Each structure stands twice: as C-alpha cells, then as structure tokens.
Amino acid sequence: MSSKTANDYKSNIKPSWCPGCGDYGVLTALFQSFAELEYEPDDTVLVSGIGCSSRLPYFANTYGFHSIHGRALPVATGVKAASKGAKNVVVVGGDGDGFSIGGNHFIHAARKNPNITYIVMDNEIYGLTKGQNSPTSHSDLLTKINPYESIEERINPVLMALSFDASFVARSFSSDLPQMKELIVKALNHPGFSFVHIISPCVQYNKKVTYESVKERIKKLPEDHDTKDKISGMKLAFTDDYLYTGLFYDVVKPTFEEKLENVRNKCQAQSPTGSYTIQDIMKQFA
C-alpha cells in the first residue's frame, strides 16, 4: 500500500477553475495516480502551455513550468533530455493549446517518443478567452467568432495521435475518476510518449458539450480490443456511433532519451581520449 496520498501533491494555491469544471476531476485523478506510484514531488515536473487547464502546475507541490502558448511539448522534451533528475515529466493542457498553435509539436513529440506523459483536457472551446471555437468544437457550435456557422472541420485527437504513431493512446471522461486514474497510471508507467485525451466539459462557455450529452455518447472500448493493433484502434476512434473511452494503443519502442544515449556512446567511442569536447565536434564541420 502506498505511503503517499493525493494531498501530498497539493500546493498552497487553490484551483481557480469555474465551479463544475471537468478539470477538477482530472487534477484529482492525477494526484491519486502520483500517490499510487509514490512519485516524489522533487522528482516530478509538470509542464503546461496557456489556457484554463494550463494553470494546473500552480496547484501542484512539484516542479512546474508554465510555458508559452502551444509550446509545452518541446519544453517538456527538453526538460526530460537535459535533466537526469527529472524522472517524471508530465505535460498538461487543453485542446486549443495542444491542437491549434501546438498541433505541429504534437506531431513531433509523437515521432520522437520522449518518455513523457501528455494529458489534454478537451472542453471543445477556448475557455480562458471567453468562448471561441477550438479545433475540436462541433460544427453546430455557434460562438462570438462563428455566430452563423462554423467554417472549419473539427479534428479527432485520438485518431491524430494514432496516425502520428504515438506509442500510447488513451481516452477518458473527467467524471469517470476510476477510469481516469487507471489510464493515467498506465500512461505514467509507459516507457515513451503517452497521450491521454480527457473529455472535460466547460460549464461556462460550451452549452453543447455537457456532462449529460457526453454520458449519452461514451462507451468503453470492447474488452477484446487488441491494444497492439493500431488499425483497429483507428477504426474505433473514427466511428460516429460512440465516443469510445479506454486504452486504444500501447506498444513499446526506443525512446528519445535512449536514442540520444546511443548517439553519445558512439560519439565517445570515436574519441581517442574517451571524451568529446565541443571543440572536437566543431572540427567535424570545419
């Protein structure tokens, strides 16, 4: 039994989200996952971008990096690669931060496969800027910037992650605390880039995506779903019949850090002294 509790990860700053926001549930599930895995706060870094959900590092008693809009993933990749003391690196953010300005970084984090976990709280709206359409908004959502009709197609984050060949892809719902915790623990234990998409309703600005409307659509993945079969996962993510939750895909492949270490070893092996200086490297380009 774990000697830690969720309270061990709470900071002195109280969450400032609107009452009823789904992000409260995600925060609870994350702290419970840390406690189950007995993470040390000093070994843990939370990185975020900009948005309502990106406030999360302030509420945690860990190291935190509140980066700029859409750039949380490259910052976290750098933290993991540069600091051997950063054992546990977790990225948190929303659909706007992650899939709009940060969409390109999502692609490259998936292909690099750094040993980090990316949790996206998707409310299908820009909440911090008071209610504009996000990349995941439904086409019938009318807002200040689309008062007549939405002129952009919505994206499918799980399908995107699978097509980018992310090595771990899961989805949950912010009111399903047991499932969220189970998937986050698996993601944190996964050696490589793990992506957890969490539907997290915004009760203030998105009246189309409510707890009730989500509950009507969600369904847990079939028990016989093969998490090593990416095509099967893509078919389940693509269907309009249900909004499936659970673990879509989970494979192990070399991580970004392992590949970097291989490069370092090869570099060291070519040095007569057993060590390489920056001057030695520059000579190769002279």
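Source: prediction; values computed, not measured.
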Evaluate the side chain to side chain donor-acceptor pair (under 3.5 Å) criterion for residues Asn189 and Lys186: first the C-alpha distance (whole Å), next the side-chain angles of each, then the deciding distance (0.1 Å), finally the verdict. CA-CA 5 Å; Asn189 277 328; Lys186 288 181 179 179; over 6 Å; no
Using the salt bridge (charged side-chain N to carboxylate O under 4.0 Å, His left out) rule, take Lys208 and Glu124 through it: C-alpha gap first, then chi angles, then the decisive distance, then the call. CA-CA 9 Å; Lys208 289 285 185 180; Glu124 301 186 23; over 6 Å; no
Are Lys219 and Asp241 close enough, and set up right, to give a salt bridge (charged side-chain N to carboxylate O under 4.0 Å, His left out), and what steps lead you there? CA-CA 10 Å; Lys219 184 177 182 179; Asp241 295 335; over 6 Å; no
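Asp226 and Ser232 share no side-chain donor-acceptor pair at under 3.5 Å. Thr255 and Asn115 form no side-chain donor-acceptor contact under 3.5 Å, judged by distance and modelled atom types alone.
The one candidate from Arg171, Gln179, His197 that meets the side chain to side chain donor-acceptor pair (under 3.5 Å) condition with Thr245 is Gln179. Only one option out of Tyr9, Tyr24, Trp17 pairs with Phe59 in a ring-ring contact (aromatic ring centres under 6.0 Å, His included); it is Trp17.
In this structure, Asp165 pairs ionically with Lys253, as a charged nitrogen and a carboxylate oxygen lie closer than 4.0 Å. Note on Glu261 versus Arg264: salt bridge recorded, some NZ/NE/NH1/NH2 to OD/OE distance being below 4.0 Å.
Looking at heavy atoms from C-beta onward, Asn88 lies out of side-chain contact with Thr62 at the 4.5 angstrom threshold. Residues Phe99 and Val120 form a side-chain contact, since some pair of their non-hydrogen atoms from C-beta on lies under 4.5 Å apart.
Residues Phe31 and Ile13 fall within the same hydrophobic cluster, defined by Ile, Leu, Val, Met, Phe, Trp and Tyr side chains chained together at heavy-atom separations under 4.5 Å. Tyr244 and Leu247 fall into different hydrophobic clusters, where Ile, Leu, Val, Met, Phe, Trp and Tyr side chains are chained together by heavy-atom contacts under 4.5 Å. Cluster membership check: Val92 does not share its hydrophobic cluster with Ile50, using side-chain heavy-atom separations under 4.5 Å among Ile, Leu, Val, Met, Phe, Trp and Tyr. With hydrophobic clusters built from ILVMFWY side chains whose heavy atoms lie under 4.5 angstrom apart, Phe106 does not share a cluster with Phe168.
No more than 12 heavy atoms of other residues, nucleotides or ligands shown are found within 6.0 angstrom of CG on Asn12. More than 12 heavy atoms of other residues, nucleotides or ligands lie within 6.0 Å of NZ in Lys228, so this atom counts as buried by the packing criterion.
A donor-acceptor distance shorter than 3.5 angstrom exists from the side chain of Ser53 to the backbone of Gly93, with no hydrogens or angles considered. For the pair Asp122 (side chain) and Ile198 (backbone), a donor-acceptor distance under 3.5 Å is absent. Panel note: side chain Asp97, backbone His69; no donor-acceptor pair is recorded below 3.5 Å. Side chain of His225 to main chain of Phe248: a donor-acceptor pair is present (N/O by atom type, distance under 3.5 Å, no hydrogens or angles).
From Asn7, atom CG reaches atom CD of Gln32 across 10.0 Å, with rounding to the nearest 0.5 Å.
Using cut-offs of 30° and 60° for the angle between ring planes, the Phe195 and Tyr118 rings count as tilted.
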